[in-house]
**Q** 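Have a look at this one before I ask anything.
Keep in mind it's a predicted model, so treat the numbers as computed, not measured. Just so you know, ligand 1 is whichever comes first in the structure, and atom 1 is the first atom listed for that ligand.
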Amino acid sequence: MDKEPKKVIIAIDGPSGAGKGTVAHYLANKFNLKILDTGLLYRVVAKLALQQKLEPDHHEKLVEITKNVTVDDVTQDGLRSEEVAAMASKIAVIPEIRAILNQIQRDFAVSNPGDHQGVILDGRDIGTVIYPDADCKIYLTADQEIRALRRMKQEDNVCQLEIQRMMAERDKRDSSRPTAPLNAAKDAYIIDTTHLPIDEVCEKAAYYVQNSCLLSTMTA
Ligand code: DC
């Protein structure tokens, strides 16, 4: 009997607005990969916290609500606002919350493998903490001003300077927290997307994946 081909794991990390989501979707389509935007898990907890008027230092209650989160919760509406993003960054410093969400991310790779060639996860600590043995790690980055401009174009009625201020706060918190800070893994391919059109970024990322994993291509 033929052995099942090994399912690959692709890690994409970087700060917000660097292009992770677009690249992850492109690669997921091109190589038939199951996809998880791990930031949405933190946003699910953040949205619940805001609804229940919890503060970021209400650790015990925040951990309790996190225990009920499942991977299916990420499809709900109302997760993309800046308010939810800011709260997500604040609760992401809590190690107990990270431990619960880490398990969901690791279970994702082995659940319902289907006919996918593997999984792709995007976040802040995929290549460093969640899957340090990922088959291909990509770290996307870009100047903060450009990232803020991109975010502004995705939202209505927001000012670029305000987005940039909030982004700077989040970048600082995400990069300086003691547990699993935003960092490129030593063996990650780094792509600076500041001056690159997004289709070139996607092609570069696909080249790295192909180089590391030798996958068959689903789309032209
Ligand atoms: O990628 P995003 O903007 O949706 O993420 C929201 C917040 O969640 C981000 O500011 C930090 C946190 N996060 C994290 O700590 N680890 C991840 N793997 C993904 C997101």
**Q** Indicate the atoms forming the closest heavy-atom contact of P181 with S175, along with that distance.
**A** CB-O, 3.3 Å
**Q** Once you round to the nearest 0.5 Å, how far does CD1 of I12 lie from NE2 of H25?
**A** 10.5 Å
**Q** Between Y42 and R98, do the side chains contain an N or O donor and an N or O acceptor separated by less than 3.5 Å?
**A**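 The answer is yes; a qualifying pair exists.
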**Q** Which heavy atom of K34 sits nearest to which heavy atom of F108, and what is that distance?
**A** NZ-O, 2.9 Å
**Q** Is there side-chain contact between R150 and T193, with at least one heavy-atom pair below 4.5 Å?
**A** yes
**Q** Mind jotting down which protein residues get a heavy-atom contact under 4.0 Å with ligand 1? Chain and number order, please.
**A** T38, G39, Y42, R43, A88, S89, A92, R98, G123, R124, D125, R170, D174, R177
**Q** What closest approach, in Å, do G14 and R124 show between heavy atoms, and which atom pair accounts for it?
**A**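 Residues G14 and R124, closest heavy atoms: O-CD, 3.4 Å.
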